There are 2 protein chains.
Amino acid sequence: MATINSDTRTRDADRTRQAILHAAQQIFAEKGFAEAGIRDITARAGVNQSLVSRYFGGKLKLFEAALEAALDPRLMTDLPKEDFGKRIVARFADERAGRISPLPIMFGAASDSEARAIAAHLLRDRVFEPLKTWFDGETAAVKAARFMIVSLGFFAYRDQLPLAEFAGAVDPGLRQWLETEFQAIVDE
Amino acid sequence: MATINSDTRTRDADRTRQAILHAAQQIFAEKGFAEAGIRDITARAGVNQSLVSRYFGGKLKLFEAALEAALDPRLMTDLPKEDFGKRIVARFADERAGRISPLPIMFGAASDSEARAIAAHLLRDRVFEPLKTWFDGETAAVKAARFMIVSLGFFAYRDQLPLAEFAGAVDPGLRQWLETEFQAIVDE
DNA sequence: GACACAAGTAAACGGTCGTTTACATATGAA
DNA sequence: TTCATATGTAAACGACCGTTTACTTGTGTC
C-alpha cells in the first residue's frame, strides 16, 4: 500500500511510464521516428533502456502511445463556427507552452512504413472521421479533406521545410489567407 | 574509343550510373530515404553495392542526385496563367507514365535530418524561388507560400496518409476545390 | 527481520546498414 | 600481343539499434 507521501518513493512504475511517454513525445517530435533511439528517449527520461520493451512492448508501441497521448480529438471540433478561422490558426501558429503538437510526431513518422501506418490510422480515427461528422451536409467529406490538406500543408511548409528566411514565423499576409481559408470551410 | 555499336559492351560506366540513379528514384519514392537500402537500389539496377560509393560518393549524395534529376523547375512556371488551376491539378492528379514525381521522394526524406535538409534546399532553389519570381506583385511571397501549402498538403493527404477509402483517388468535389484554389493564387 | 515480488540496471545478442578493401576481368591503346 | 587502367564483384569491417537476458535492489507484507 502507498504511504501518505508516495512521492518519496524512489521506484514508481506509473511515474516511470509517464516519464518515458513524455520523453518519447519530445524526441519523436524533434528527431523523427527513425532517428529517435530508445537510448535517447530513456536517457532523457532518466531510466534504463530496457523499460521501453517492458512497459510498452517495443519502440513501435511506444510511438503509438506517444502519438495517441498527443492527439486531442477535440482540437478542432470544440471551436465555435464563428471565428473558426482565426481561432484555428491561432492554435496552429501560436505555440502553447507544455503542449506537444501531434503534427511533428506524425511528419517524423513519414519515412518509416510501420510508424506511418500507425500515424495514418490514428489520424483518421481521431481527427479525420470526427471532422467529417462535425461538418454539415453532403460535402462534409470534401470539407474534411480541405481541412486536412491546408493543415498538413501548413505544417509541412512551416516546420519541415525551411523555405522561408525564418522558419517557424508566419507572414501576416499568409496568416490572413489561412484564416479565410479555414473560415470558408465551415461557412460554405 | 567507343565501337560503332557501343551497346554491345558489357561495361559502361555512364549506363551503370544512370541505372543506379533511376533505381534510386524509384526506391526512394517507394520506401523513403531511411528504408531504402543501398542493396535494394543496386539490386534493382543490377549492379554491385559498392558502386554507389564509387560513382556518387555515398547514399546521401545519391539521394541528392536522384531528387535533383526528378525535379523539373519548369513544372509550374511554364503553364499559362489562364486555366492554371485545371492544368496544375491535372499534372498533380493524373499520373504520367515514366515520369517520377519528386514529391514522394521529398516526403520520404522527412524523418532523416540530413536528407530532409537536402530536400528542403533543393525545393527552395528549384521550386519556391522560381515561383516567387514568376508570381507578380508584392504578394508574390505569400502566393508562393500558398502554392506550396496546398501542393504539399495535397500530396500528404493523398499519398502519405490513407485517410480516404481509396488512397490515390481524388474526389470530384475536392478536385474542383483544388482547381479554384490554384487559379485564385494566380488571379488575385 | 525475512521473504516474495515488483522495479530497475548493465551488458550482451543478433541483425542491418553504409562503407571500404582486396581482388577479378573487360577494355582499348601502344 | 601486351599491359595499364577503368569497371565490376565479393566479402569483410565497424558501427548502430532494438531487444532480450541475467542480475541487483528497493518495497510492502507477514
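These numbers come from a predicted model, not from an experiment. Throughout, a chain's letter reflects where its sequence line sits, starting with A, and its residues are numbered from 1.
For the pair T16(A) and F33(B), both in contact range of DNA chain C, the more 5′-proximal nearest nucleotide belongs to T16(A).
K59(A) and E64(A) are not joined by a salt bridge, as no carboxylate oxygen comes within less than 4.0 angstrom of a charged side-chain nitrogen. In summary, R146(B) and E181(A) do not engage in a salt bridge, as defined by a charged side-chain N under 4.0 Å from a carboxylate O. Salt bridge status for R91(A) with D78(A): present, with a side-chain N to carboxylate O gap under 4.0 Å.
D40(A) places its CG atom 12 Å from the P atom of dC16(D), with the value rounded to the nearest Å. The distance from atom CZ of R54(B) to atom P of dG18(C) is 18 Å, rounded to the nearest whole Å. Whole-Å rounding puts the Y55(B) OH to dT20(C) P distance at 16 Å. The separation between R11(B) atom CZ and dG28(C) atom C1' is 13 Å, rounded to whole Å. The distance from atom NZ of K59(B) to atom C1' of dC17(C) is 8 Å, rounded to the nearest whole Å. Note: CZ (F56(B)) to P (dT20(C)) measures 16 Å, nearest angstrom. Rounding to whole angstrom units, CD of residue E35(B) and P of dC17(C) are separated by 9 Å. Spacing between atom CD1 of I27(A) and atom C1' of dC17(D) amounts to 15 Å, rounded to whole angstrom units.
Contact between the side-chain N/O atoms of T10(B) and the OP1/OP2 oxygens of dT27(C) is found at a separation under 4.0 Å.
Not one N or O on the side chain of K31(B) forms a donor-acceptor pair closer than 3.5 Å with the backbone of G108(B). Put simply, the side chain of T180(B) gets close to the backbone of W177(B): a donor and an acceptor are under 3.5 Å apart. Checking side-chain atoms of R126(A) against main-chain N and O of L71(A) turns up no donor-acceptor pair under 3.5 Å.
Applying a 4.0 Å cut-off to non-hydrogen atoms, the residues of residues 41-50 of chain A that approach DNA chain D are Q49(A), S50(A), listed by residue number. Within residues 104-113 of chain A, no residue places a heavy atom under 4.0 Å from DNA chain D.
Picking from dT9(D), dT7(D), dG8(C) the nucleotide with the shortest atom distance to the side chain of L51(B) gives dT9(D). When distances run from any side-chain atom of I38(B) to the nucleotides dG8(D), dG26(D), dG18(C), the shortest one goes to dG18(C). The side chain of R39(A) lies closest to dC17(D) when the candidates are dC17(D), dA26(C), dA12(D).
Taking the centre and axis of the six-membered ring of F155(A), the NZ or CZ atom of R158(A) falls inside the cone set by 45° and 6.0 Å.
More than 12 non-hydrogen atoms from other residues, nucleotides or ligands lie less than 6.0 angstrom from CD of E30(A).
Using modelled atom types and a 3.5 Å distance limit, the side chains of S111(B) and E35(A) yield no donor-acceptor pair.
A36(A) comes within contact range of the sugar-phosphate backbone alone, with a heavy-atom separation under 4.0 Å but no base atom that close.
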